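The structure appears below as structure tokens.
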Amino acid sequence: MAKVKAKGQKGKKITLKTAKNSIRISSDGGRRLDLSKMGITTFPKCILKLADVDELDLSRNMLKKIPSSIQKFQKLRWLDLHSNQLEELPEAIGTLQNLFYLNICNNKLTTKNLPEDLNLLKNLRILNLGLNCLDSIPTSLGALKELKEIGLFDNALTTIPNSVKKLPKLKKLNTKRNPFPDSTKPEEHADSIKRIETLHLVQEKDLCCSCLKMCQDERDKLNKLKNVTSSPSEKPSFPLLLTPNSSAKDNQEEWRLRGKHP
């Protein structure tokens, strides 16, 4: 008789040896600890012994919490926590004064649970908060004067504070797929051609589960529309690709690479 597994999802245990073997040298010579896509459910305490790394990637896991001990990573310039199950972040994240890239998209963060000390990250240049549960953006983020790019796509936002929109160095503000009132919707929503020009295709295997589900739903809608408006001879065929995938491009490697060139 097969044993019945205990309730709850048990993640992979990360040992210090595994963590050490996961250190890579990034393109600019920094030390990057890459623990992405490893099925981690709990922040591995052993990596506190490697707190001198420049970059930490814990993306695409199943983390629900980041401990206050994250403040030990004082050299950290690049932190990627996207595609986990985070509902909150510790106030201690505000102590990471060298951080210039922070990706926390595709989690379960609410406005209420965003740490107030996020506005202390004075050197932050790229911040990705897309694909969360935010219904508003704290005006205090306007204190991050070095910000060049902000991702706020796929939330529940109805307005963006002027303190954020008028940041002096801001070059890109992605607010796509938020329920803005008609009078405040970004212009690109009224121009379908402009939106198609920024469409990106990726392979199915490169998407996290939530992005894949969203893309599959959108693809089904597109197929239904094409059946009504187009003849079969006009339909292109992309058997291994999914569209649209602006979310995946916004919250993945492009953000990291841009952060390398402030």
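These numbers come from a predicted model, not from an experiment.
Residues passing the salt bridge (Lys or Arg N to Asp or Glu O under 4.0 Å) test with Asp217, sequence neighbours excluded: Lys213. Residues satisfying the side chain to side chain contact (heavy atoms under 4.5 Å, CB included) test with Asn123, not counting sequence neighbours, are none. Applying the side-chain hydrogen bond (donor to acceptor under 3.5 Å, both in side chains) test to Ser22 and every residue at least two apart in sequence or in another chain returns nothing. Under the side-chain hydrogen bond (donor to acceptor under 3.5 Å, both in side chains) criterion, Asn21 pairs with no residue at all, not counting sequence neighbours. The side chain to side chain contact (heavy atoms under 4.5 Å, CB included) test applied to Ser140 returns Asn119, Pro138, not counting sequence neighbours. A search for side chain to side chain contact (heavy atoms under 4.5 Å, CB included) contacts involving Leu173 returns Ile150, Leu152, Ile160, Lys165, Leu170, Thr175, not counting sequence neighbours. In this structure, Asn84 has no side-chain hydrogen bond (donor to acceptor under 3.5 Å, both in side chains) partners at least two apart in sequence or on a different chain. Residues passing the side chain to side chain contact (heavy atoms under 4.5 Å, CB included) test with Lys64 are Gln85, sequence neighbours excluded. Residues forming a salt bridge (Lys or Arg N to Asp or Glu O under 4.0 Å) with Glu146 (at least two apart in sequence, or on another chain): Lys169.
When all heavy atoms of Pro179 and Thr158 are compared, the closest pair comes out as O-CG2, 3.7 Å. Taking both residues in full, the closest heavy atoms of Phe43 and Lys65 are given as CB-O, 4.2 Å, listed atom of the first, atom of the second, then distance. The two residues Leu144 and Leu121 make their nearest non-hydrogen contact at CD2-O, 3.2 Å. Looking at every heavy atom in both residues, Ala51 comes nearest to Lys72 through CB-O, 3.4 Å. Closest approach of Trp78 and Asp57 over heavy atoms only: CZ3-CB, 3.7 Å.
Rounding to the nearest 0.5 angstrom, the gap separating the CD1 atom in Ile47 from the OG1 atom in Thr18 is 12.0 Å. In this structure, CG in Leu89 is found 7.0 Å from CG in Leu81, a value given to the nearest 0.5 Å. Rounding to the nearest 0.5 Å places CG of Asp80 at 4.5 Å from CG of Asn103.
The stretch residues 45-54 participates, sequence neighbours left out, in these salt bridge (charged side-chain N to carboxylate O under 4.0 Å, His left out) pairs: Arg31-Asp52.
Considering only heavy atoms from C-beta on, Asp117 stays 4.5 Å or farther from Ile93 through its side chain.
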Using distance only, find each side-chain donor-acceptor pair of residues 108-115 under 3.5 Å and give its atom names and separation, not counting sequence neighbours.
residue : atom : partner : partner atom : Å
Thr110  : OG1  : Asn113  : N            : 3.4
Thr110  : OG1  : Asn113  : ND2          : 3.4
Thr111  : OG1  : Asp135  : N            : 3.1
Thr111  : OG1  : Asp135  : OD1          : 3.1
Thr111  : OG1  : Ser136  : N            : 3.1
Thr111  : OG1  : Ser136  : O            : 2.8
Asn113  : ND2  : Glu87   : O            : 3.2

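In the hydrophobic cluster analysis, where Ile, Leu, Val, Met, Phe, Trp and Tyr join through side-chain heavy atoms closer than 4.5 angstrom, Leu48 is grouped together with Leu63.
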